[in-house]
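Encoded as structure tokens, the structure appears first; notes follow it.
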Amino acid sequence: MSTLTSESSESKTPVASGGSLGAGASLDIRPSGIAAAWMLARREWTRFFRQKNRVVSAVVQPLLFWLMFGAGMRGSFSWTTSGQEGFFEYFLPGTIGLIVLFTAIFATISVIEDRREGFMQGVLVSPVGRWPVLVGKVVGGGGIAWAQAVMFLGLVLLFGMASPGINTVYALVLLAVMSITLCSVGMIVAWPMTSTQGFHAVMMLFLMPMWLLSGAFFPIPAISDATSIGQSILHWIMRCNPLSYSMVELRRLLYPEVVLADNVWGPSSLITWTVSLLFMIGALVLAGWLMRGSRRADLV
């Protein structure tokens with residue numbers, strides 16, 4: 001009996017102490033958070049490219065908006081000192097922003113679908129924690145949004161609607177910042193939601209007005225002595241919108257030779273980049289805090 005007892009205790013000792021790792025070491029079998037985030041991001045890309053209707057609608061719909069509104073509202077207002085640039089040129093950055101917004105919405109709404117199917121519950125109870133869920137969703141959705149925006153921008157450069165140059169590289173960086181930001185905002189909206197209907201309601205109430213009031217569709221009016229009260233209110237609403245700064249900088253990068261008219265407000269590049277980066281960081285932090293603090297949605 002003593003022999004059997006000693007043999008059994010010796011056979012359990014390597015497992016408890018970590019085997020060949022030494023007596024004081026422990027065997028870490030936790031999965032890598034980076035690998036889990038990468039898996040979730042790849043899952044988003046795979047789902048997106050398998051759904052051909054999403055690929056087509058996310059690009060074709062903003063393209064139709066750009067063509068129809070550009071042709072219908074040509075010459076409706078002047079936003080440059082030369083007056084040669086019309087609504088086609090003005091609405092081009094807004095169309096790119098609309099592509100990023102639509103893709104971010106479709107990417108983050110999958111959080112609600114994954115929760116219904118039970119996939120999200122399985123991810124949340126795994127040892128990797130919650131930050132890989134946020135990183136995977138944001139990187140996956142943001143990468144898709146960035147790729148679609150770059151594809152549309154390539155068509156614009158191909159047809160001569162904008163001039164390629166070093167500013168194009170900066171525009172790609174800014175589009176990456178916008179993609180991560182809007183996907184993070186989408187996660188903030190989608191995480192507490194329990195139904196896709198509620199997500200669409202909040203989207204129409206918050207996300208679409210944020211795009212419309214970002215200077216994407218019409219210029220931000222400048223304040224002067226002749227400015228009316230309504231224009232002053234609209235100016236400060238659009239000025240407080242952090243997406244407005246990204247739109248202004250994207251338009252400046254696509255048309256660096258353009259000088260804005262006196263009745264159009266436009267901050268400097270330092271201010272636009274600072275606000276855009278702070279908006280991205282704030283959205284990521286808020287999304288991470290919401291995911292760590294909210295437990296009610298995990299049980300749906």
Side-chain angles (χ1 to χ4, degrees), residues 62 66 77-101 104 138 142-143 145-157 160-185 210-224 227 231-232 234-285:
W66 181 52
F77 58 83
S78 177
W79 58 284
T80 63
T81 55
S82 62
Q84 298 179 356
E85 292 78 14
F87 193 77
F88 265 118
E89 290 81 7
Y90 182 84
F91 191 45
L92 177 59
T95 305
I96 298 176
L98 188 62
I99 292 174
V100 176
L101 178 63
V138 170
W146 184 84
Q148 287 188 308
V150 169
M151 182 171 59
F152 183 81
L153 182 59
L155 294 176
V156 169
L157 297 175
M161 295 301 297
S163 301
I166 187 61
N167 287 334
T168 306
V169 179
Y170 298 143
L172 296 180
V173 177
L174 182 60
L175 287 176
V177 173
M178 292 173 57
S179 301
I180 295 174
T181 302
L182 291 178
C183 281
S184 301
V185 173
M210 183 177 68
W211 173 79
L212 287 173
L213 295 175
S214 65
F217 197 75
F218 54 88
I220 303 175
I223 294 181
S224 62
T227 303
Q231 285 184 330
S232 299
L234 183 63
H235 167 86
W236 285 108
I237 292 176
M238 299 177 72
R239 190 169 178 174
C240 293
N241 182 6
L243 189 60
S244 301
Y245 297 83
S246 300
M247 287 290 101
V248 170
E249 185 61 24
L250 183 60
R251 188 171 291 107
R252 181 182 290 121
L253 292 174
L254 293 179
Y255 304 105
E257 71 282 353
V258 167
V259 180
L260 296 178
D262 295 335
N263 59 344
V264 177
W265 178 78
S268 63
S269 296
L270 178 62
I271 296 177
T272 55
W273 278 102
T274 302
V275 174
S276 299
L277 291 174
L278 290 178
F279 187 29
M280 179 189 69
I281 296 173
L284 281 170
V285 172

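Quick note: numbers below take in every heavy atom, side chains included, and nothing from hydrogens, waters or symmetry partners. If you read the sequence from its start, that first residue is 1, and numbering goes on from there. For clarity, every value in this text was computed on a predicted model and none was experimentally measured.
A donor-acceptor pair is defined here as one N or O able to donate and one able to accept, closer than 3.5 Å; no such pair exists between the side chain of Ser246 and the backbone of Ser276. With Arg251 contributing its side chain and Gly215 its backbone, the two residues share a donor-acceptor pair below 3.5 Å. No donor-acceptor pair under 3.5 Å is formed between the side chain of Trp211 and the backbone N or O of Phe217.
Outside the 6.0 Å centre-distance limit, the rings of Trp273 and Tyr245 are not counted as a close aromatic pair.
Among all heavy-atom pairs drawn from Ser179 and Gly142, the shortest one is CB-O, 3.4 Å. Taking both residues in full, the closest heavy atoms of Val248 and Gly266 are given as CG1-CA, 4.3 Å, listed atom of the first, atom of the second, then distance. Closest approach of Val138 and Ser184 over heavy atoms only: CG2-OG, 3.9 Å.
To the nearest 0.5 Å, atoms CD (Gln148) and CG (Leu175) are separated by 12.0 Å. With rounding to the nearest 0.5 Å, the separation of CG in Asn241 from OG in Ser214 is 6.0 Å. Note that NE2 of His235 is 6.0 Å distant from CH2 of Trp265, once rounded to the nearest 0.5 Å. Here OG of Ser244 is found 9.5 Å from CE of Met210. Values are rounded to the nearest 0.5 Å. Taken to the nearest 0.5 Å, the CH2 atom of Trp66 stands 10.0 Å off from the CD1 atom of Ile99.
Using a 4.5 Å heavy-atom cutoff, the side chains of Ile96 and Leu254 are in contact. Side-chain contact check for Leu234 versus Phe218: some heavy-atom pair is nearer than 4.5 Å. Residues Thr95 and Phe88 are not in side-chain contact: their nearest non-hydrogen atoms beyond the backbone lie 4.5 Å or more apart. Considering only heavy atoms from C-beta on, Pro267 stays 4.5 Å or farther from Arg239 through its side chain. Side-chain contact between Trp146 and Leu172 is present, with heavy atoms from C-beta onward closer than 4.5 Å. Annotation: side chain of Trp236 is in contact with side chain of Ile223 (closest heavy-atom distance under 4.5 Å). For the pair Met247/Ile220, no side-chain contact is recorded, criterion being any heavy-atom separation below 4.5 Å from C-beta on.
When each of Leu243, Leu182, Val185 is tested with Leu101 by the rule side chain to side chain contact (heavy atoms under 4.5 Å, CB included), just one qualifies, namely Leu182.
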